[in-house]
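Working notes for the structure below.
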There are 2 protein chains.
Amino acid sequence: MNQISEFHSLINKLIREQQFPSTPEELYAPIEYVMSQGGKRLRPMLTLLACDMFGGKTEDALYPALAIEVFHNFTLVHDDIMDKAPLRRGKETVYKKWNSDIAILSGDTMFAMAYQYAVRTQSAFIPDILDVFSKAAIEVCEGQQYDMNFEQQDDVSIEDYIRMITLKTAVLLAASLKIGAIIASADKKSVQEIYNFGIALGIAFQLQDDFLDVYGDESTFGKKNGGDIVANKKTFLYLKAMTFADKDKARQLHQLYLDKGMNPQEKIEKVTAIFNQLEIEKSVKSTIDWYYQQAMSHLDHCTAPESRITLMKGFADQLYQRNH
Amino acid sequence: MNQISEFHSLINKLIREQQFPSTPEELYAPIEYVMSQGGKRLRPMLTLLACDMFGGKTEDALYPALAIEVFHNFTLVHDDIMDKAPLRRGKETVYKKWNSDIAILSGDTMFAMAYQYAVRTQSAFIPDILDVFSKAAIEVCEGQQYDMNFEQQDDVSIEDYIRMITLKTAVLLAASLKIGAIIASADKKSVQEIYNFGIALGIAFQLQDDFLDVYGDESTFGKKNGGDIVANKKTFLYLKAMTFADKDKARQLHQLYLDKGMNPQEKIEKVTAIFNQLEIEKSVKSTIDWYYQQAMSHLDHCTAPESRITLMKGFADQLYQRNH
């Protein structure tokens, strides 16, 4: 078993081992439900990999890694209420399966549980871990608020969008890595570089998500193309197209996104046609590449054994190449 | 200025001094709104008083005290969504003034901010503070869940009810005190006794709230009697009446609580008449007294200067006698 799949097993084993209280059932059954659904466990993987990269003890990082996974799942439970999302990972969301009161409250409980897990490590690391963790938590909330605001907002700039996804997605990946580095007592510069690696990786990751919605291979990607278009989401592709479009095309695109009654397949085709005319595919790909290269360069500035940096790069590549 | 009003000023000053970020406005305006509304600041007062009682430095306890106040207000913001409460302290609730998405998200942000404040003290205290804080946070969620369950449940026992209010209300008072004691490096036994004092005080406090709804002096208490009756809340008075009532009276009372169309004043009068026939006033008063005496006895078991114990008793008396 290689290092990466070994870490993955460790995390899943730890999650399986957690015994949640049995009462009140309405509170803990949703937590059990959410945590047992699997998923990539990307964030705790980053914590363990970063800890290992800087020579830390994996056992010291396990519970803080779990904390981040629980926190991440808490944000999904609350986001699904706000987004009125019926499904998550192919299963009913907590707010749909139970109700929004239960989703609010079991989410709150998960947030407190995350803090309990975050401090189950050597006490010397606790203050630094909590600084990073709480700051990231607040920023994730800010990102979600901006995301909701953008739905009502017509003048979202590319910079606004990058800031939003930085807060909503990238910051937590970066915090996951930074916490791993803290637990390994990495030097200050490396802690900052691994954080910056996470930010750039997270942006690339989210932009790629936007990209794959339109240009992904449906069979590899595992979901149908065009979901974001049908949902009228102002993704990076839409915003980029808006900056490239002349007045006429911009109006066409804007109209398509205002039309909530159009046949979904027709809408996807029309929007994609405009994207193609504006050569969005190439442009977005090059932006993703740029962020990815930024990420790699931050990694190269970390003080860590070459073999460990290579392992982290390999892990990032895996994420990045999920469409190839 | 006496010690108690001095602590009160310190807390209000600290709250006023907090600078919340200005954007995203939808996230921080509600936090500013909630935190500036005043209130008794009971929980942070308990933290400062407990710290002082055991000879700790007030400055070490200030931010942890603020953490508890922010946490408490976060729970109110989320509870008001679940309870569909339009007003709180005479003002529109966050979910009414903005919307429930914003109430969820600004609440989540407050929870994370509370943790940031909780660790702004000497690092030696942080692990113990966080243990107490996270445990209390989870228990408060459990209490709220039981409270919601009881609305749909016909067989709530007196024991169930006491457990619910212990979790929903008493645990946070107890945690506020315990955190103050931890920051004062109080001995282990005293830390436990002050916690138990808080539990008993919190139960007495909540039972008295139930009591005052029916038997309080409207002019002193500041709200109209009978609100819980009109809302069909299964308070301690109702549950106690149910245990005292014969079959016939129990059915009458049950019917009154099922009748959602009855004129409120008529309903209050009829229910109060049954309470009076069953001598609920006397019985509940004696239960409250019992918890209050329990609380005082825990206080007497603390190792602290007599003058400080007297100060804490005086503060508790003030709370307890708000109806006299």
Side-chain angles (χ1 to χ4, degrees), chain A residues 21 23-28 71 74-75 77-79 81-84 99-124 126-131 133-149 152 163-164 167, chain B residues 21 23-28 71 74-75 77-79 81-84 99-124 126-131 133-149 152 163-164 167:
Chain A
T23 56
E25 206 203 320
E26 295 78 3
L27 199 64
Y28 290 109
F71 171 78
F74 141 68
T75 65
V77 170
H78 278 195
D79 284 2
I81 308 171
M82 302 179 221
D83 301 341
K84 297 183 182 53
N99 58 54
S100 62
D101 289 348
I102 284 179
I104 292 172
L105 208 53
S106 53
D108 292 345
T109 308
M110 288 170 82
F111 197 1
M113 287 169 64
Y115 274 101
Q116 286 187 320
Y117 291 133
V119 299
R120 284 180 68 171
T121 184
Q122 295 196 44
S123 59
I126 293 177
D128 285 346
I129 290 174
L130 288 175
D131 271 359
F133 192 69
S134 296
K135 184 168 173 284
I138 289 172
E139 290 177 335
V140 169
C141 292
E142 292 178 352
Q144 169 69 2
Q145 185 63 55
Y146 282 122
D147 197 14
M148 293 197 298
N149 290 353
Q152 319 296 331
R163 186 173 58 149
M164 183 276 282
L167 292 167
Chain B
T23 55
E25 206 204 320
E26 296 78 4
L27 198 64
Y28 289 110
F71 170 78
F74 141 68
T75 66
V77 170
H78 277 194
D79 284 2
I81 310 171
M82 302 179 221
D83 301 341
K84 298 182 182 54
N99 60 53
S100 62
D101 290 348
I102 284 179
I104 292 172
L105 207 54
S106 53
D108 291 345
T109 308
M110 289 170 81
F111 197 1
M113 286 168 65
Y115 274 101
Q116 286 187 319
Y117 291 133
V119 299
R120 284 180 67 170
T121 185
Q122 295 197 43
S123 60
I126 292 176
D128 284 346
I129 290 174
L130 289 175
D131 271 0
F133 192 69
S134 296
K135 184 169 173 284
I138 289 172
E139 290 177 334
V140 169
C141 292
E142 291 180 352
Q144 168 70 2
Q145 185 64 54
Y146 282 122
D147 197 13
M148 293 196 298
N149 290 353
Q152 320 295 333
R163 185 172 59 148
M164 183 275 282
L167 292 167

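All chains are named by letter (A, B, ...) in the order of the sequence lines, taking the proteins before the strands, and each is independently numbered beginning at 1.
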Using the test side chain to side chain donor-acceptor pair (under 3.5 Å), find all partners of B:S134 that sit at least two apart in sequence or belong to another chain. B:Y115
B:V140 side chain reached by B:F71 side chain, heavy atoms, under 4.5 Å: yes
Using the side chain to side chain donor-acceptor pair (under 3.5 Å) criterion, which residues pair with A:T23? Sequence neighbours excluded. B:Y146
Can you say whether A:L130 sits under 4.5 Å from chain B via the side chain, the backbone, both, or neither, judging by heavy atoms? side chain
Does any backbone or side-chain atom of A:M110 lie under 4.5 Å from a heavy atom of chain B? Answer side chain, backbone, both or neither. neither
Heavy atoms, side chains only, cut-off 4.5 Å: are B:Q116 and B:R120 in contact? no
Tell me which of these, A:L105, A:L27, A:I104, has more heavy-atom pairs under 4.5 Å with chain B than the rest. A:L105
Measure A:F133 against the heavy atoms of chain B and call it side chain, backbone, both or neither at under 4.5 Å. neither
In terms of heavy-atom pairs under 4.5 Å with chain A, the winner among B:I138, B:I102, B:D131 is B:I138
How many angstroms lie between atom CD of A:E25 and atom CD of B:Q145, to the nearest 0.5 angstrom? 10.0 Å
For chain B, the option from A:V119, A:I126, A:T109, A:D108 that forms the most heavy-atom pairs under 4.5 Å: A:D108
In terms of heavy-atom proximity below 4.5 Å to chain B, should A:D79 be classed as side chain, backbone, both, or neither? neither
With chain B as the partner, which of A:N149, A:I81, A:N99 has the greatest number of non-hydrogen pairs under 4.5 Å? A:N149
Heavy-atom side-chain contact between A:F111 and A:H78 under 4.5 Å: no
